[in-house]
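Please read the structure below before turning to the comments.
When a ligand or atom number is given, it counts from 1 through the structure's own listing order.
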Amino acid sequence: MSLPLTEEQRKKIEANRQKALARRAEKLLAEQHQKPAQSKQGPSQNLPRDPSKSGSHGIFFKQQNPSSSFHGDQRPQNPHSFPPNTSEQAKGMWQRLEEMPTACPSHHPPNQVTVAGISPPLANSPPGVPSQQLWGCELGQGHPQASHETQSTPFANTTHEPLAKAKNFQETAAFSSGQPTRDPELETRMARPSTSGQNVSGSVTPRTEGRLQQKAGTPPHRVAGSQQGRCIRNGERFQVKIGYNEALIAVFKSLPSRSYDPATKTWNFSMTDYGPLMKAAQCLPGITLQPLEGAQGHVELASTSSGITAKTGLPAAPSLAFVKGQCVLISRARFEADIGYSEDLIALFKQMDSRKYDVKTRKWSFLLEEYNKLMERVRSLPQVQLDPLPKTLTLAFAAQLQKTSLSPVADVPEADLSRVDSKLVSSLLPFQRAGVNFAIAQRGRLLLADDMGLGKTIQAICIATYYRKEWPLLVVVPSSVRFTWEQAFRRWLPSLNPVDINVVVTGKDRLTDGLVNIVSFDLLSKLEKQLKPPFKVVIIDESHFLKNIKTARCRAAVPLLKVAKRVILLSGTPAMSRPAELYTQILAVKPTFFPQFHAFGLRYCGAKRQPWGWDYSGSSNLGELKLLLEEAVMLRRLKGDVLSQLPAKQRKMVVVAPGQISARTRAALDAAAKEMTTKDKTKQQQKEALILFFNRTAEAKIPSVIEYILDLLESGREKFLVFAHHKVVLDAITKELERKRVQHIRIDGSTSSADREDLCQQFQLSPGPAVAVLSITAANMGLTFSSADLVVFGELFWNPGVLMQAEDRVHRIGQLSSVSIHYLVARGTADDYLWPLIQEKIKVLGEAGLSETNFSEMTEATDYFYKDSKQQQIYDLFQKSFEEDGSDMELLEAAESFDPGSQDTGDTLDESTLTGSPVKKKRFEFFDNWDSFTSPL
Ligand SMILES: Nc1ncnc2c1ncn2[C@@H]1O[C@H](COP(=O)(O)OP(=O)(O)OP(=O)(O)O)[C@@H](O)[C@H]1O
């Protein structure tokens, strides 16, 4: 016979139990941290496809929380979601607790439960877990499986019986967005007198009580002391005001949304955790938590002489909880409701004919044609805030809102191009023609974002020419390609008189002198005043140069674009790192879409408020942004999409800016040219003059070549080859790349054969941007650079065979893409003679079947060389010299030893031209200094 416990002993036991409880909770948490993936075995796999035909309740409950969805498919996450880790962590923990029927101390079974007002806070359960099962202290409402899981739990049956009899639960239970829908019918039944031993006041019949006590094997304990607290609503969260209790703190710490406010010394939680918290608190002895105001009932555990009496009126959290979410477009035809659980809302969703429930995302979606109906009805639900689609979207998809076209892509009508030069129209590749159709369907306002090298120029010229009646045309381009554009207009529009093309070269030139006016970004900002009256048709090449609204070029261009009638933006890389970079381009094409950046930032840039202001560097709703862009702003095709239409090699002649040639270099060039044509010169003297001219050309081109390379890098070209001939050019390029911290390799005559291979491999395997700087004569053979698909020739070489071999460093087995070859040609230099010479030679080879193609067919117009008699003389000299045996060697040696600094007539390289911006540490920082680098000419 044991002696009765003294009061002191009882207190001690109680205190020990409290400690044990707290330790256990902590241990569980710790275990959970170590086993975060435990619950990954995918509840969602088992979710019934049709919510109305739910299969297993056990599984059903384990998948209930929509916010627990986290998928690799990068679909937008429910804003109410737990962060994935937390979610998994929480889910794992709940499951673990589930496996521990004794987690809730057996000494206080709630064997008298006030059922009235019980409304299981399912929606607020942690992810994947029925709130009924939390802390092993589930009430079991509506959870048939609970009876199995809780057989060893002495108190579990208190509510199972009536619920097990609610056999229709399976049929009536519906899914919300991933949550089990509470069954109103069931709840009503629960509130009614039970036929199975439970009365309306919730008292468990003696039969049940007896069984419980029997199972528990221990008599219920009295609770030594009790602590009272209450929940207070605070916006979308709630706060718990209660004194210190170790076990309760452990509960708090286990809740995913917990937050501790040291100032008020209180814990607060999101409404998602309301139900779980109340239930867990219910299991703690002596804790009374007053529910949130407005909730029905409260949890109270009090001791009676006969044992623990639990008066439980669990607050109706789901109906109390305010759910907030948003509509998100998920395809051209459908939108999704990204929102937490609300019974009323689910009922409303079920009224929609086009409803679909996605078991993966656990979200409901609808056809756009039901959008207005749904939103109107949602407005009548006071506890629900479902934010509409942005107005921009409803306007862009207005047709679908009226009547859904199920076509996955927009139908674009064929444009009538009879007013455009037939030479151009007939040259368009099929995908280019489709691009022109899209642009005209968009009334001449678009962002053409085709991959690099797909021929955006020809498409832009065609689109602009369609609106020829609205010319003069303004073409804004990086300064390095102004003359290439001039050539392109000449090539594709024979109907355009060349004198009507105005290339703006200095700040003193007029912007409106031509029918087609080509200007660099930087000069545009200097000539802003000349933009009135505004241009009606504008082309912007490399429009991502406008990504930063704060730059001078952007400030000059955006107002101009907003008022222009047609805006043709071209970019192979409209955004290089984040959606915020797209904003100005969208604004330029569709000024009404997002007049304020903040609205765009909130929706698509994951805007976050920081102590210093808003952070827009993130991303959100990207799927929707893509749909919007594709519908109304942008057309983008990748090389892979249209590979079958592309030639294996695309050559382009790039006329580099002559303005980059300094006055001293120009004088040296002119002097060398004069030497060549001066009469009474010996052959040797003429040759020397020619070599000097060639060398001076190299020197003169350096700034343009470097500018072009930097342009390519800024445009997102990751890997490419740059061939040059003169050591001085190779040196200048590598020096600049080093200065800008761009990864590169160099192979020239001095590179050993072992190093050549190593460097080549290094380049091939480099994952990021890399430039291979190669000598035309030393690296044109035996090397494979197939990981690049672009070759730039900074200098020309008189032997086309050598050029083609060099081209083939990328165009070889292993190359899966169409390769682009850019020849940089400078006017007023030796290039004027070399270029036609090369073409002629290739033509001859082609006629003899020794060359696959001829350059003039593949490249831009070549008729820019106006040969007077002197020029003809020089050309003849070039032709003769380069054809003579031995002259190759002479030229090669001269190129190797040429040092502009050592020439008495030469000028040294103007460092400031190359290094207008201070040296920066990071690779891409020089882009920020673009304005200063491309100083106006
Ligand atoms: N339909 C065509 N017929 C003949 N040549 C074409 C055609 N389309 C494009 N090309 C040629 O392909 C080369 C690449 O074209 P373009 O420079 O317009 O490409 P891009 O898309 O602007 O590339 P990037 O983004 O690198 O500037 C040019 O030499 C151009 O003349």
So if I count the atoms of ligand 1 from 1 in the order they appear, which ones are less than 4.0 Å from some heavy atom of Arg651? 29 (O)
Describe, in one word, how the ring planes of Phe489 and Trp471 are oriented to each other, choosing from parallel (under 30°), tilted (30 to 60°) and perpendicular (over 60°). perpendicular
Are any of the N or O atoms of Leu454 closer than 3.5 Å to those of ligand 1? yes
Name the orientation class of the two ring planes belonging to Phe793 and Phe723 (parallel below 30°, tilted from 30 to 60°, perpendicular beyond 60°). parallel
Could you tell me whether some N/O pair between Trp492 and ligand 1 is separated by less than 3.5 angstrom? no
Ligand 1 contact by Gly455, heavy-atom criterion under 4.0 angstrom: yes
Does the residue Phe431 have a heavy-atom contact with ligand 1, meaning some pair of atoms that are separated by less than 4.0 Å? no
Is Arg491 close enough to touch ligand 1? Criterion: a residue heavy atom under 4.0 Å from a ligand atom. yes
Subset of ligand 1 atoms that lie under 4.0 Å from at least one heavy atom of Glu542: 27 (O)
Near Ser427, which atoms of ligand 1 are under 4.0 Å from a heavy atom of that residue? 1 (N), 2 (C), 3 (N)
Tell me every residue that passes side chain to side chain donor-acceptor pair (under 3.5 Å) with Glu470, counting only those two or more places apart in sequence or in another chain. Arg566
With rounding to the nearest 0.5 Å, note down the distance linking CD1 in Ile463 to CG in Asn437. 9.5 Å
Out of Gln650, Arg433, Arg717, Met653, the nearest non-hydrogen contact to atom 11 (C) of ligand 1 is supplied by Gln650
So, is the end of the Arg419 side chain (NZ or CZ) under 6.0 Å from the ring centre of Tyr466 and within 45° of the ring's axis? yes
Taking both backbone and side-chain atoms of His822, is any N or O found less than 3.5 Å from an N or O belonging to ligand 1? no
If you measure from each heavy atom of Asp450 to ligand 1, is any distance below 4.0 Å? no
Pull out every atom of ligand 1 sitting under 4.0 Å from any heavy atom of Lys652, numbered as shown with elements. 16 (P), 17 (O), 27 (O), 28 (C), 29 (O)
Can Lys456 and Asp450 be counted as an ion pair, charged N to O under 4.0 angstrom? no
Can you check whether Pro574's main-chain N or O pairs, donor with acceptor, with Gln585's side chain at less than 3.5 Å? yes
Non-neighbouring partners of Leu429 that pass side-chain contact (heavy atoms from CB on, under 4.5 Å), sequence neighbours left out: Phe431, Gln432, Gln645, Leu646
